[in-house]
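Just below is one structure, and these are the notes that go with it.
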Amino acid sequence: MTSPSTIKPKFLSKSNELGVIAVGFSGGQCKPGVDAAPTALISAGLLTQLKEDLGYDLFHDNTVHSYASIIPASDPDYRNMKNPLAVSAVTQRLSQQVYEHAQQGRCVLTLGGDHSIAIGTISGTAKAIRERLNREMAVIWVDAHADINTPESSESGNIHGMPVAFLTGLAVEEREDVFGWVKADQKISVKKLVYIGLRDVDRGEKEILRDHGIKAFSMHDIDKHGIGRVMEMALGHIGTDTPIHLSFDVDALDPQWAPSTGTPVRGGLTLREGDFIAECVHETGSLVAMDLVEVNPSLEAVGAAETIRAGCSLVRCALGDTLL
Ligand SMILES: NC(=[NH2+])NCCC[C@H](N)C(=O)O
Ligand SMILES: [Mn+2]
Ligand SMILES: [Mn+2]
């Protein structure tokens, strides 16, 4: 068996094993189609490439989870949130799935779905890393958006704009069936959160980022310093002794490279800059989980294939593919 990479993972006991979860869920926003992304990514050959080119042992149930059986028939808005019961139930289940892989010491790849699913993935990894290593993990959130609205600050009510608020404890909710299930051991610290690629941040979110001193590298910072220096600073903030969960929203890329996404914003990363971010995270040896979200193959007739190709490339780079 070839080894996935020459970089030795620091926080994984099963360095050859990769847990894969395909999440066909779109309830964190209003546009249908993002639920079809896992099938599109897998049909494009992503899992075969991870197995045959990179040498991973995949742990995948060959299912695209839609969680239909746990989605309630009636789901009225609550505290301004749309589909609160569905998103909460799905992410709670997903959290358990991610936890089961991470707890065994394998890296976990989750293919979304919209970005609300990060409530499930990050809570699952955070808990497993605490239990297994007694460590708090860091999150690198690559996105055009900060996704840190509270239900009250959100203008859209779409939960894919809120996951970071629930994960950091900035949004609190007692009701178990509306994210009250996210307990302290599943949360992350705002000090260990780093954003890269921001360019469309709501007014309320800017206030939250400022008030909590959250580390963020906007497109302005990337233009100013270059992506190489930005990655040095981002990884420097996290430190070399911290497990990393990489949550990659494909809309961080410029619509030129990833047009098929629900909330595209011009002025984004080139595909090479996106791949470079993923490669740098891989090189730390600290990666314990990755999400790839917001690929929506139904939105652009021509751009879909390009967006899917970009998504596959980002995942391969994070998992150790090299140019030479
Ligand atoms: N994961 C995403 N694409 N999020 C977009 C969020 C857009 C906007 N900030 C909102 O709260 O609705
Ligand atoms: Mn986004
Ligand atoms: Mn996002």
Side-chain angles (χ1 to χ4, degrees), residues 23 25-35 37 77 79-84 87 90-91 94 110-122 139-168 170-171 179 188 193-209 214 216-219 222 245-269 273-274 277-278 289-300 303 307 310-311 314:
V23 181
F25 180 69
S26 62
Q29 46 86 65
C30 301
K31 295 181 185 168
V34 66
D35 42 288
D77 290 7
R79 272 179 70 186
N80 175 44
M81 287 180 269
K82 295 182 175 132
N83 310 321
V87 182
V90 166
T91 52
L94 175 58
T110 304
L111 304 174
D114 72 66
H115 220 162
S116 69
I117 69 164
I119 299 175
T121 60
I122 290 176
V139 170
I140 300 183
W141 193 278
V142 189
D143 204 323
H145 311 93
D147 295 348
I148 198 166
N149 272 302
T150 62
E152 285 67 35
S153 77
S154 167
E155 285 164 29
S156 66
N158 293 328
I159 298 176
H160 79 154
M162 308 178 196
V164 184
F166 282 103
L167 288 163
T168 53
L170 293 172
F179 307 115
I188 53 159
L193 169 64
V194 181
Y195 285 107
I196 302 172
L198 300 186
R199 59 191 180 278
D200 182 13
V201 180
D202 298 340
R203 208 180 312 124
E205 292 183 300
K206 287 184 183 167
E207 214 172 293
I208 293 172
L209 295 181
I214 295 171
F217 297 96
S218 66
M219 287 311 301
I222 295 166
H245 184 122
L246 175 63
S247 201
F248 210 120
D249 183 330
V250 84
D251 73 27
L253 300 183
D254 191 88
Q256 190 181 342
W257 309 99
S260 277
T261 188
T263 49
V265 190
R266 293 187 299 171
L269 300 169
E273 286 170 331
I277 293 168
M290 177 186 191
D291 319 319
L292 177 73
V293 299
E294 300 285 352
V295 170
N296 187 333
S298 73
L299 289 179
E300 295 267 332
T307 311
L314 295 169

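In listed order, ligands and their atoms are each counted from 1. Quick caveat: nothing in here was measured; it's all calculated off a predicted structure.
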Polar-atom distance check: S154 versus ligand 1, any N or O pair below 3.5 Å?
no
Main-chain N/O of G27 paired to K82 side chain as donor or acceptor, under 3.5 Å
no
Does E152, at its CD atom, have more than 12 non-hydrogen atoms belonging to other residues, nucleotides or ligands within less than 6.0 Å?
yes
Could you list the atoms of ligand 1 found under 4.0 angstrom from a heavy atom of D249?
1 (N), 2 (C), 3 (N)
Closer than 2.8 Å to the Mn ion (ligand 3), do we get an N, O or S atom from D143, backbone or side chain?
yes
Identity and distance of the protein heavy atom lying nearest atom 7 (C) of ligand 1
H145 CD2, 3.9 Å
Test item: N296 side-chain N/O and E294 main-chain N/O as donor-acceptor pair under 3.5 Å:
no
For D143, which of V201, V265, D251, T263 qualifies under side chain to side chain contact (heavy atoms under 4.5 Å, CB included)?
D251
Honestly, for E155 the part within reach of ligand 1 (heavy atoms, under 4.0 Å) is neither
In Å, rounded to the nearest 0.5 Å, how long is the span from CD of E205 to CG of L198?
8.5 Å
Of all N/O/S atoms in H115, the name of the one nearest the Mn ion (ligand 3)
ND1
Is it true that D291 and T121 share a donor-acceptor pair across their side chains at a distance under 3.5 Å?
yes
Which ligand 1 atoms does E294 reach within 4.0 Å, using its non-hydrogen atoms?
1 (N), 2 (C), 3 (N)
Do the side chain of T91 and the main chain of V87 share a donor and acceptor less than 3.5 angstrom apart?
yes
Taking backbone and side chain together, does D251 place any N/O/S atom at a distance below 2.8 Å from the Mn ion (ligand 2)?
yes
Among non-hydrogen protein atoms, atom 1 (N) of ligand 1 lies closest to D147 OD2, 3.1 Å
Can you check whether L299 reaches P259 side chain to side chain, under 4.5 Å on heavy atoms?
no
On a heavy-atom basis, I'd like to know which of H160, M162, Q29, K82 is closest to atom 2 (C) of ligand 1.
H160
Does a side-chain heavy-atom distance below 4.5 Å link L193 with I140?
no
For the CZ atom on R79, are there more than 12 heavy atoms of other groups (residues, nucleotides or ligands in this structure) within a distance under 6.0 Å?
yes
Just checking: D147, one of its N/O/S atoms, less than 2.8 Å away from the Mn ion (ligand 3), yes or no?
yes
So if I count the atoms of ligand 1 from 1 in the order they appear, which ones are less than 4.0 Å from some heavy atom of D251?
3 (N)
Atom nearest to the Mn ion (ligand 2) - H145, N, O or S atoms considered:
ND1
Classify the ring geometry of F166 against F179: parallel below 30°, tilted from 30° to 60°, perpendicular beyond 60°.
tilted
Please confirm if an N, O or S atom belonging to D114, backbone or side chain, lies less than 2.8 Å from the Mn ion (ligand 3).
no
List the closest protein heavy-atom neighbour of atom 3 (N) of ligand 1: residue, atom name, distance to the nearest 0.1 Å.
T263 OG1, 3.0 Å
Tell me which protein heavy atom sits closest to atom 12 (O) of ligand 1, plus the residue, atom name and distance to 0.1 Å.
S156 OG, 2.5 Å
Among all the protein's non-hydrogen atoms, which is closest to atom 11 (O) of ligand 1, and how far away is it?
N149 ND2, 3.0 Å
Backbone or side chain, does D249 get an N/O/S atom under 2.8 Å to the Mn ion (ligand 2)?
yes
Identity and distance of the protein heavy atom lying nearest atom 9 (N) of ligand 1
D202 OD2, 2.8 Å
Minimum side-chain heavy-atom gap D147-M162 below 4.5 Å
no
